[in-house]
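Following: one structure in structure tokens, then a few remarks.
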Amino acid sequence: MAAEARCAAKDYYEVLVLGGGSGGITMSARMKRKVGAGNVAVVEPSKTHYYQPLWTLVGAGAKQLSASARPTESVMPEGVEWIKSRVTALDPDKNCVRLENDVKISYKYLIIALGISLHYEKIKGLPEGFHHPKIGSNYSVHTVEKTWKALQDFKEGNAIFTFPNTPVKCAGAPQKIMYLSEAYWRKTGKRPKANIMFNTSLGVIFGVKKYADALLKIIEERNIAVNYKCNLIEVRADKQEAVFENLDKPGETEVHQYEMLHVTPPMGPPDVLINSPVSDEIGWVDVNKETLQHKKYPNIFGIGDCTNLPTSRTAAAVAAQSGVLDKTISLVMKNQSPTKKYDGYTSCPLVTSYNKVILAEFDYNAQPLETFPIDQSKQRTSMYHMKADMMPFLYWNALLKGYWGGPAPIRKLMHLGLK
């Protein structure tokens, strides 16, 4: 069991980790093995830790929300100090951070793993619009079950799925729920009455051509309408109306009536990182994209969604980054230069129905970086089971314990076997 959550027992730690999400927990487990549990602390206010990739399936009624949740205390590495508080400021020149109640903690090494913030409030009419029926969002614990309710209650009309004009975590999720909804309505005989629309701020369906081509084929086969450069700016939930702006023609808007609306909220860096000395001009932690070491402060490191790494923000990316960051920190602790390089590996299991997945895996250059010696752009049942059953097991039992650094070793073995 982790050390009891409280205000910090000490005011100095050799390694201080900000954030108790996937990046923070996996790195605290790895750091415990390097410097000892008593020298590591994690700052995290939440009592519950969620495996968020499961929420796609929760929103489609294929998994229970409770299956995605565990007490933070149970995932905190044993003996590591859990400081149950929020970071309010970073002072890297003095090697310290400030917490709520003006508590100050100093560190020798700092790992920033604060994730990404959701901004429903940037859409007029939200979040209060979620009190109405027919609207949900798989991105929040408070609204994911509303998606499943809206899906079941659908009778006839427009079903609209949105993608915002900001970076997001798991860029495939906004369309995964659309494919699952379409499959559900086919199964329940409602499909002929559903006009399914994907309204995306982007100009493409997916950033990697190999998988985009496969998805466009599915979209055509299933008679789904895609509207590009179309950004949700307002929800009038009492009238079941969604207002979109045309990003190619500023000021031009369009109102759509909906029978179901799935909202992907605008996202951005956590407030504490905006205008912070550790961040770039937008607010993302400014790290070297190969070593994950901070560009200015050599004893600071970043991992996951809060960084400016130019790759897709996913738990799979965190896994690959954690293996690299482990090596980087080891060398920095010995006053040596980091050598291991992160290639931008990320993965998005694109769920296309209740038993099929396209397993997209790619790197910084948006080039496929696939684990298995098969064509992963094909829909496969085996990949669905990996997403629904194997990956959650791997997450709780390997990634969070600091033993899973991504599939690179498996990829090497698989591809050696072909030679």
Side-chain angles (χ1 to χ4, degrees), residues 56 116-126 129 135-139 147 157-182 194-237 239-269 281-284 305 308 310-314 346 348 350 352 358 360 362 365-366:
T56 282
I116 193 168
S117 292
L118 308 180
H119 292 293
Y120 288 103
E121 80 285 349
K122 290 194 173 170
I123 298 166
K124 194 178 171 189
L126 294 183
I135 173 173
S137 175
N138 288 356
Y139 276 87
T147 304
N158 292 332
I160 307 175
F161 301 82
T162 74
F163 192 108
N165 191 24
T166 66
V168 298
K169 53 181 167 182
C170 194
Q175 56 185 301
K176 295 178 200 181
I177 186 59
M178 172 177 72
Y179 302 128
L180 284 161
S181 300
E182 194 275 342
N195 178 34
I196 301 174
M197 299 156 74
F198 188 55
N199 287 6
T200 172
S201 296
L202 302 179
V204 291
I205 196 71
F206 198 75
V208 181
K209 189 178 184 309
K210 175 177 181 175
Y211 308 118
D213 289 347
L215 292 169
L216 287 170
K217 219 167 136 188
I218 292 167
I219 282 164
E220 192 181 347
E221 282 165 7
R222 300 203 197 167
N223 193 23
I224 293 168
V226 180
N227 300 308
Y228 297 105
K229 299 287 189 171
C230 189
N231 182 38
L232 179 67
I233 55 168
E234 182 182 355
V235 176
R236 302 166 186 160
K239 298 179 187 163
Q240 287 170 231
E241 288 177 354
V243 184
F244 294 87
E245 65 173 339
N246 181 339
L247 294 174
D248 284 335
K249 296 176 186 166
E252 189 179 292
T253 60
E254 203 172 300
V255 181
H256 289 287
Q257 197 78 31
Y258 64 82
E259 169 68 4
M260 175 182 171
L261 178 66
H262 179 268
V263 178
T264 302
M267 300 179 208
E281 63 285 354
I282 299 166
W284 306 112
D305 297 352
N308 59 2
T311 193
S312 194
R313 292 172 164 87
T314 66
T346 190
C348 186
L350 294 154
T352 54
I358 290 172
F362 49 98
N365 303 315

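All heavy atoms count here, side chains included; hydrogens, waters and symmetry mates do not. For the single chain, residues carry numbers from 1 onward in sequence order.
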Worked verdict on F244 versus H256 for side-chain contact (heavy atoms from CB on, under 4.5 Å): CA-CA 8 Å; F244 294 87; H256 289 287; 3.5 Å; yes
Derivation and outcome, side-chain contact (heavy atoms from CB on, under 4.5 Å), residues T352 and R222: CA-CA 11 Å; T352 54; R222 300 203 197 167; 4.0 Å; yes
Worked verdict on I205 versus V226 for side-chain contact (heavy atoms from CB on, under 4.5 Å): CA-CA 8 Å; I205 196 71; V226 180; 4.2 Å; yes
Chi angles and distances behind the side-chain contact (heavy atoms from CB on, under 4.5 Å) call for N138, K176: CA-CA 10 Å; N138 288 356; K176 295 178 200 181; over 6 Å; no
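Y139 and T264 are not linked by any side-chain donor-acceptor pair at a separation below 3.5 angstrom, with hydrogens and angles left out of the test. If you check the side chains of N195 and N158, you find a donor sitting under 3.5 Å from an acceptor.
Distance check, rounded to the nearest 0.5 Å: CD of E221 to CD1 of I219 gives 10.5 Å. Distance check, rounded to the nearest 0.5 Å: CZ of F198 to CE of M178 gives 5.5 Å. Between the CG atom in L202 and the SG atom in C230 there is a gap of 11.5 Å [rounded to 0.5 Å]. Once rounded to the nearest 0.5 Å, the distance linking OG of S181 with CE of M260 reads 4.0 Å. In this structure, the separation between CG on L126 and OG on S137 is 9.0 Å, given to the nearest 0.5 Å.
For the pair H262 (side chain) and P174 (backbone), a donor-acceptor distance under 3.5 Å is absent. Checked by atom type and distance alone, the side chain of R313 never pairs as donor or acceptor with a backbone atom of K169 at under 3.5 Å. No side-chain donor-acceptor contact under 3.5 Å links T162 to the backbone of N199. Between the Q257 side chain and the K239 main chain, a donor and an acceptor come within less than 3.5 Å of each other. With hydrogens and angles disregarded, no donor-acceptor distance shorter than 3.5 Å links the side chain of E259 to the backbone of A159. One N or O on the side chain of T346 and one on the backbone of S312 form a donor-acceptor pair closer than 3.5 Å.
In terms of heavy atoms, W284 sits closest to P167 at CZ2-CG, 4.0 Å. The two residues G172 and C348 have their closest heavy-atom pair at CA-SG, 3.6 Å. Here the shortest heavy-atom pairing between I116 and G268 reads CG1-O, 3.4 Å. Taking all atoms of both residues into account, the shortest heavy-atom contact from L118 to P265 is CD2-CG, 4.1 Å. The heavy-atom pair separating G129 from I135 by the smallest distance is O-CG2, 3.5 Å. Listed here is the closest heavy atom pair of E241 and Y258: N-CE2, 3.3 Å.
For the pair I177/T147, a side-chain contact is recorded, criterion being any heavy-atom separation below 4.5 Å from C-beta on. The side-chain heavy atoms of N246 and T253, taken from C-beta on, include no pair separated by under 4.5 Å. Using a 4.5 Å heavy-atom threshold, the side chains of V235 and L261 count as touching. Between R236 and V243, some side-chain heavy-atom pair lies under the 4.5 Å cut-off. With contacts defined as side-chain heavy-atom distances shorter than 4.5 Å, the pair I282/N308 does not qualify.
Each of L350, T56, I224, I196 was compared with Y179 under the side chain to side chain contact (heavy atoms under 4.5 Å, CB included) criterion, and only I224 meets it. The only member of T166, N165, N231 that meets side chain to side chain donor-acceptor pair (under 3.5 Å) when paired with S201 is N231.
Environment of NZ in K122: sparse, with no more than 12 heavy atoms of neighbouring residues, nucleotides or ligands closer than 6.0 Å.
Contact check on K217 versus D213 returns no salt bridge, with no Lys/Arg side-chain nitrogen under 4.0 Å from an Asp/Glu carboxylate oxygen.
Between Y211 and F206, the angle of the ring planes goes over 60°, which puts this pair in the perpendicular group of the 30/60° scheme.
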